[in-house]
Number of protein chains: 2
Amino acid sequence: MKIRDEYTCPLEIVHDIIKGKWKTIIVFKLRQCNKTFSDLEHSIDGISQKMLIQQLKELREFGIVDKISSTGYPLHTEYFLTSRGKKMLQAVEIMQEIGIEYMLEHGQQEFLDNKGICYNK
Amino acid sequence: MKIRDEYTCPLEIVHDIIKGKWKTIIVFKLRQCNKTFSDLEHSIDGISQKMLIQQLKELREFGIVDKISSTGYPLHTEYFLTSRGKKMLQAVEIMQEIGIEYMLEHGQQEFLDNKGICYNK
DNA sequence: CCGTATCCGATCCGATACTG
DNA sequence: CAGTATCGGATCGGATACGG
């Protein structure tokens with residue numbers, strides 16, 4: 001996704017921030033601590049390298065996450081939520097509660113662990 | 001979008017709820033009071049009838065909005081947020097603040113009114 | 001280990017025409 | 001006024017291969 005040069009409404013930005021398939025789960029996975037690229041890759045079942053990189057890049061451009069990279073081999077990069085990302089996390093957690101509610105209502109509680117943290121795994 | 005029979009994670013649902021281009025703005029437009037179909041259509045610049053109907057239908061299937069229809073001509077339908085929709089609104093408002101922040105940071109404050117309520121209009 | 005490039009099917013969404 | 005149906009271009013995302 002190409003990020004637009006100009007937005008005329010905050011909710012347009014919101015849409016661009018969250019519309020990707022993996023954005024909310026990435027924000028959620030980063031809630032407690034820094035994660036390397038491969039940490040994320042292994043904890044999100046079904047995501048491809050390409051998509052993980054791409055979505056992280058977009059989240060960085062919106063100032064939701066940032067990263068620290070070491071130079072030299074093997075490469076090592078840690079991603080983390082910015083303060084804006086932590087705000088985003090609040091919204092994600094509210095929406096997650098809605099998701100949990102929906103699952104309970106539809107008899108799918110067998111997929112839920114204690115905290116609704118069960119993305120594909 | 002076909003709503004899935006089974007979700008294995010709350011955040012999958014979240015993604016399906018919000019991924020459409022017009023979902024957040026619809027939730028936001030319904031924040032204060034009931035709106036008819038044409039109220040919504042006229043207050044969201046750029047949306048087509050088809051998309052408005054489609055997104056409202058999906059929001060209804062997820063229990064975010066509901067409607068009351070009168071029978072007889074002319075047709076009259078009012079849409080409103082359910083209690084779950086009001087919860088969703090909380091998340092939307094948090095994300096909206098992020099959008100406002102982003103716009104201010106990028107010198108686009110001329111598009112903002114007092115409350116960031118300016119979706120294309 | 002981390003990131004880029006390309007190909008290609010699936011999905012999204014705008015335009016348009018039509019119905020009760 | 002509210003809702004449905006269809007077509008076609010644009011975008012998204014999975015698979016795969018390659019590079020620093």
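This is a predicted model, so every value here is computed, not measured. So you know, we letter chains A, B, ... as the sequences are listed, proteins then strands, and number each from 1.
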Can you list the residues that meet the side chain to side chain contact (heavy atoms under 4.5 Å, CB included) rule with [X], with sequence neighbours excluded?
{"X": "B:Q90", "value": "A:I94"}
{"X": "A:I53", "value": "A:F37"}
{"X": "A:I3", "value": "A:M1, A:Y7, A:E61, A:F62, B:Y102"}

Given 3.5 Å as the limit, does a donor-acceptor pair link the side chain of B:T77 with the main chain of B:I68, or not?
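A pair under 3.5 Å: no.
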Flag, side chain of A:S38 to backbone of A:E41, donor-acceptor distance under 3.5 Å
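Checked: no pair found.
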Should the pair B:E105-A:R84 be classified as a salt bridge under the 4.0 Å nitrogen-to-oxygen rule?
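Answer for the salt bridge query: yes.
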So which of residues 48-63 of chain A are in contact with DNA chain D, with a heavy-atom cut-off of under 4.0 Å?
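Under 4.0 Å from DNA chain D: A:K50, A:M51, A:Q55.
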Report the residues that fulfil ring-ring contact (aromatic ring centres under 6.0 Å, His included) with A:H76, sequence neighbours left out, ordered by chain and then residue number.
none
Under 4.0 Å from any heavy atom of chain A: name the first and the last nucleotide of DNA chain D that qualifies, 5' to 3'.
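First-to-last contact on DNA chain D, by the 4.0 Å heavy-atom rule, is D:dC12 to D:dG20.
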Hey, could you give me the CG/CD distance between B:L89 and B:Q96, rounded to the nearest 0.5 Å?
9.0 Å
Tell me every residue that passes salt bridge (charged side-chain N to carboxylate O under 4.0 Å, His left out) with B:E93, counting only those two or more places apart in sequence or in another chain.
none
With A:D66 via salt bridge (charged side-chain N to carboxylate O under 4.0 Å, His left out) - residues at least two apart:
A:R60
Range on DNA chain C touched by chain A, heavy atoms, distance below 4.0 Å:
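Nucleotide range with atoms under 4.0 Å of chain A: C:dC1 to C:dT6.
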Heavy atoms only, 4.0 Å cut-off, all strands: where does A:K2 land among base, sugar-phosphate and nothing?
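Nothing: the residue A:K2, judged by heavy atoms under 4.0 Å, touches no strand.
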Can you pull the side chain to side chain donor-acceptor pair (under 3.5 Å) pairs that have at least one residue in residues 50-59 of chain B, sequence neighbours excluded?
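Non-adjacent pairs meeting side chain to side chain donor-acceptor pair (under 3.5 Å): B:K23-B:E58.
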Sorted by first residue and then second, give each salt bridge (charged side-chain N to carboxylate O under 4.0 Å, His left out) pair with at least one member in residues 72-81 of chain B; sequence neighbours left out.
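Residue pairs with at least one partner in residues 72-81 of chain B: there are none.
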DNA chain D in dot-bracket, Watson-Crick or G-U pairs under 3.5 Å, [ ] crossing, | other strand?
||||||||||||||||||.|
